[in-house]
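Some notes on the structure that comes next.
In what follows, chains are A, B, ... by sequence order, proteins preceding strands, each numbered from 1.
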Number of protein chains: 2
Amino acid sequence: MSEETSSRRDAILDAAAQLFQRQGYSATSMRQIARAAGYEAVAGLYNHFPGKEDIFAAVLERRAPYDALLPVLENVTGDTAEDLLQNLLRAVIPIMRERLDFLQLILIDLQEFDGRLFSSFLQQVTPHFVGMLSRLLSFPEIRPDLKPQIILRAIVSVIIGYLFTEIAASTPALAHLPFPPVVGEAWLEGLVSILIHGMTVSPEGKVK
Amino acid sequence: MSEETSSRRDAILDAAAQLFQRQGYSATSMRQIARAAGYEAVAGLYNHFPGKEDIFAAVLERRAPYDALLPVLENVTGDTAEDLLQNLLRAVIPIMRERLDFLQLILIDLQEFDGRLFSSFLQQVTPHFVGMLSRLLSFPEIRPDLKPQIILRAIVSVIIGYLFTEIAASTPALAHLPFPPVVGEAWLEGLVSILIHGMTVSPEGKVK
DNA sequence: GTCTATAGTTAGATAGAC
DNA sequence: GTCTATCTAACTATAGAC
């Protein structure tokens with residue numbers, strides 16, 4: 001494997017990633033990938049990968065945000081539960097937002113390969129998530145009536161939901177809401193605030 | 001259009017829906033649809049639909065949960081904001097959970113057709129969602145510092161995130177969490193409670 | 001390692017008998 | 001409306017010259 005071949009390999013993966021995201025897996029042909037990667041003919045691809053599925057697997061592995069995500073889950077801290085949660089979401093959501101391409105690839109994996117590659121991603125990430133969760137639960141102000149599983153699912157749900165509404169918000173269909181647009185970090189801050197404090201103020205000023 | 005042809009048409013749509021969900025759009029062939037619908041040959045399909053894209057569009061339209069969703073958004077009420085929110089989520093989430101098939105079809109639409117059909121769905125649903133939101137905002141205990149757009153997005157995010165973690169929870173990769181399983185309605189109740197009250201108890205017993 | 005050429009298969013769609 | 005038969009085009013993958 002010389003330096004030339006590895007840069008060719010990278011060109012293939014970059015081209016394939018773009019095409020898979022735009023068109024899906026089955027709708028993207030080996031010929032399209034070859035041409036986008038600078039080849040005249042399909043056959044060149046088979047010098048680097050055994051087949052189409054292997055290209056997709058390599059693309060997904062390459063785009064997985066392990067490098068950015070795992071250190072955050074390992075190291076995020078805070079003086080209070082609120083502080084920790086804010087630091088977590090303010091770190092994780094921008095990471096995932098910059099990798100919406102990875103999210104799209106995961107969706108393809110769920111449809112075309114029954115989520116096999118996604119499962120392997122989850123198995124590598126969840127232990128780190130659980131470590132973060134135990135630090136969060138050690139704070140006394142966390143409501144004792146909430147089970148850890150439910151807190152974990154709520155956090156993950158908000159992250160996923162935020163990313164999806166981010167995609168949906170870019171479609172023209174949602175341009176007709178009778179509200180002025182909210183820009184930048186305000187979205188994230190509002191969501192964090194709701195997750196931590198809720199959207200209501202209890203009449204007694206006391207929660208539950 | 002006799003009764004026979006319309007039942008044939010239904011058979012085609014049911015067969016196509018299953019195949020599209022399992023395999024995606026491009027990976028599902030007209031021949032597969034024809035056989036699953038009881039035809040010996042492909043040509044039979046073209047007596048009912050001009051082409052493959054038209055079959056997919058008809059499938060999506062047929063599976064869209066307008067009938068169950070719109071009345072809920074129109075009519076849901078409550079004595080307090082908490083009551084209204086609980087009633088809303090407890091009605092909407094089971095509806096969507098029973099229609100996870102629709103969610104999968106939407107994902108296909110996002111990949112294969114740039115979300116064109118999803119946009120049309122959103123345009124029909126969002127006005128009803130906004131109507132519900134204005135009733136919610138009329139309650140005095142809703143935190144005045146939260147903008148309506150952010151509350152709306154938080155609600156939608158939680159619904160979407162809940163549905164996705166529902167799918168992810170069914171994969172074997174998540175069977176190894178060091179927690180006992182939570183069953184049934186407890187998931188939903190916990191999520192609603194967090195959305196309304198947050199996951200922390202403020203030290204002063206006062207929000208923000 | 002990259003090319004030309006092509007094998008072998010399958011795709012969506014159609015013509016015409018019945 | 002459903003069938004048999006078939007068209008044209010595209011697909012993944014490979015063999016072999018260079």
- Message: Is it the case that dG1(C) (base atoms only) and Arg8(A) (side chain only) share a donor and an acceptor within less than 3.5 Å, ignoring hydrogens and angles?
- Response: no

- Message: Classify Thr28(B) by what it touches in the nucleic acid, base, sugar-phosphate, or nothing, heavy-atom distance under 4.0 Å.
- Response: sugar-phosphate

- Message: On the six-membered ring of Tyr162(B), is Arg97(B) placed so that its NZ or CZ lies under 6.0 angstrom from the centre and within 45° of the ring axis?
- Response: no

When you get a sec, tell me which of [options] is the closest nucleotide to the side chain of [X]?
X: Val42(A); options: dA13(D), dG1(C), dC3(D); result: dA13(D)
X: Ala43(B); options: dA15(C), dT2(D), dT4(C); result: dA15(C)
X: Arg31(B); options: dC11(D), dT4(C), dA11(C); result: dA11(C)
X: Met30(B); options: dT14(D), dA13(C), dT2(C); result: dA13(C)

Spacing of [X] atom [atom1] relative to [N] atom [atom2], expressed in whole Å:
X: Lys52(A); N: dT14(D); atom1: NZ; atom2: C1'; result: 17 Å
X: Tyr39(B); N: dT4(D); atom1: OH; atom2: P; result: 13 Å
X: Ile33(A); N: dT2(C); atom1: CD1; atom2: C1'; result: 17 Å
X: Phe56(B); N: dG12(C); atom1: CZ; atom2: P; result: 14 Å
X: Tyr46(A); N: dA13(D); atom1: OH; atom2: P; result: 4 Å
X: Arg9(A); N: dT2(C); atom1: CZ; atom2: P; result: 13 Å
X: Leu45(A); N: dC3(C); atom1: CG; atom2: P; result: 10 Å
X: Asp54(B); N: dA13(C); atom1: CG; atom2: C1'; result: 13 Å

- Check whether any side-chain heavy atom of Glu82(A) lies under 4.5 Å from a side-chain heavy atom of Val192(A), and answer yes or no. no

- Kindly indicate whether the side chain of Met30(B), heavy atoms from C-beta on, has any atom under 4.5 Å from the side chain of Tyr46(B). yes

- Message: Are Tyr66(A) and Phe121(A), when compared by the centres of their aromatic rings, separated by less than 6.0 Å?
- Response: yes

- Query: For dC11(D), does either OP1 or OP2 sit under 4.0 Å from a side-chain N or O belonging to Ser29(A)?
  - Reply: yes

- Task: Applying side chain to side chain donor-acceptor pair (under 3.5 Å) between Thr28(A) and each of Gln23(A), Lys52(A), Arg22(A), report the one that passes.
- Result: Gln23(A)

